[in-house]
Amino acid sequence: MLDQPAPGPHPTHRMHTTTPIEESTRAEEQVAAAVLTGLRSLPRQLPPWLFYDEAGSRLFEEITELPEYYLTRTERGILAAHAGAMVERAADGMRLRIAELGAGSADKSRLLLKAAVERQGTAVYEPIDVSASALDAARERIEREIAGITVAPRVMDYTHGLELEAAGHDERRLVLYIGSSIGNFDPHEAAALLRRVRAGLKAGDGLLLGVDLVKDEAKLLAAYDDAAGVTARFNLNMLARLNRELGADFNPAAFRHRAVWNGMESRIEMHLESVCPQRVRVAALDFEVDFAEGETIHTENSYKYTAALAEQMIATAGFAVVGNWTDERRWFGVWLGRVE
Ligand code: AVJ
């Protein structure tokens, strides 16, 4: 389950638009099902997509600005320096249409959208997300901010693959998957996800993938256990969310945030550790779960790649690597893969 960080409210892949009521009902059912499965498993776990309710999304935005959280800043620097070259390489002489997995990371995508407009005057941007409301917000923002961009939101669960209208014969599609979101999947699942994405593309189309790289352990740990405690609040908010949405009675003060480096698996793990023996009831599920002192709930994996393993993943998914950009410390990598 941890390897499925972003299942949408849609139990199966569907492309119709949804009403807000349909969307929220399905989202509630997904939360209930995930919590029941995760708290029944041993070791206990909860999937990382549960972080992102309104409070959690705000906390994540705060994380991206922390001095210790180098990921967002570093990737933004790479895109700022090379967006023109990335767009040029992806387009390869054709017109480019830019899709993005997730409607989130707008301020980095903006650099690529602006580069596309500079290159070809106008461009279509297709953010892909399970949440119609997140897509509406993205459309409003981007169309207001970047002249020349037409936003064509696509409501779908990209973890199941892409079902996009065929691009024009003189057009190429570039799919953005930035922000190291791929790091939430184990390497096998990650390659499988990218393979499903590739199946929805045609020869010549591209994938721009942002990947966090292996580095000094202390730097990694600090990024996931910051001095101001924002990541701790982000992690603990998951329990507060279950209290709010499922009538659970977690005492957030009885759990503490733990970030650990698992070198064997090359991943940062986040856990919530029970500081005492306790029983928690989840009213909406009519379910109780006991925690021993020191027992943890595993809430996230964030895999870190070497350049060689990142390229292997991209190749396994069926893309040829045609571009790679990094920062001077080689802390983060952006790869361009092409369908051949
Ligand atoms: C959004 C998955 C890229 O793994 O770094 C940030 C989420 N978790 N701090 C990451 C996260 C803790 C983030 N990703």
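- Two rings, from F234 and F51, have their centers less than 6.0 Å apart.
- Listed for the T64 side chain is a donor-acceptor partner under 3.5 Å among the backbone atoms of E61.
- The side-chain contact (heavy atoms from CB on, under 4.5 Å) test with F332 is passed by exactly one of I78, V211, T326: I78.
- D212 places no side-chain N or O within donor-acceptor distance of the main-chain N or O of S180, the cut-off being under 3.5 Å.
- Side-chain contact check for N184 and E300: at least one donor-acceptor pair (N or O, by modelled atom type) lies under 3.5 Å.
- Aromatic rings of Y158 and Y177 (six-membered ring for Trp) have centroids within the 6.0 Å cut-off, being under it.
- There is no side-chain donor-acceptor pair under 3.5 Å between Y125 and T150.
- Both V280 and F287 belong to a common hydrophobic cluster when Ile, Leu, Val, Met, Phe, Trp and Tyr are linked at side-chain heavy-atom distances under 4.5 angstrom.
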Practice item. Let me see the working for E118 and K114 under salt bridge (Lys or Arg N to Asp or Glu O under 4.0 Å), right down to the final yes or no. Key: CA-CA 6 Å; E118 269 168 40; K114 281 190 175 149; over 6 Å; no
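- Inspection of the D129 and S131 side chains reveals no N or O donor paired with an N or O acceptor under 3.5 Å.
- Between T316 and Q312, the side chains place no donor N or O within less than 3.5 Å of an acceptor N or O (distance only, hydrogens not considered).
- A tilted orientation is assigned to the rings of F291 and F250, their planes being inclined by 30° to 60°.
- No donor-acceptor pair closer than 3.5 Å links the side chain of D205 to the backbone N or O of V339.
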Check your understanding: Under the side chain to side chain donor-acceptor pair (under 3.5 Å) criterion, do S274 and Q278 qualify, and how do the steps go?
Key -> CA-CA 8 Å; S274 176; Q278 55 183 318; 2.8 Å; yes
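- Between the side chains of E171 and H169, no donor-acceptor pair is found at a separation under 3.5 Å.
- Remark: the N262 side chain and the N301 side chain contain no N/O donor-acceptor pair separated by less than 3.5 Å.
- No side-chain N or O of T296 forms a donor-acceptor pair with one of E273 less than 3.5 Å apart.
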Practice item. Assess whether side chain to side chain donor-acceptor pair (under 3.5 Å) is satisfied between S302 and Y224, documenting all intermediate values. Key: CA-CA 10 Å; S302 194; Y224 292 86; 3.1 Å; yes
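- N237 and R58 are not linked by any side-chain donor-acceptor pair at a separation below 3.5 angstrom, with hydrogens and angles left out of the test.
- Hydrophobic clustering of Ile, Leu, Val, Met, Phe, Trp and Tyr side chains at less than 4.5 Å, counting indirect connections, unites L111 with L336.
- Two residues are said to be in side-chain contact when any heavy atoms from C-beta on lie closer than 4.5 Å; V35 and L246 meet this criterion.
- Checked options E145, E143, E100; the residue passing with R110 is E145 (criterion: salt bridge (charged side-chain N to carboxylate O under 4.0 Å, His left out)).
- Remark: the D327 side chain and the T74 side chain contain no N/O donor-acceptor pair separated by less than 3.5 Å.
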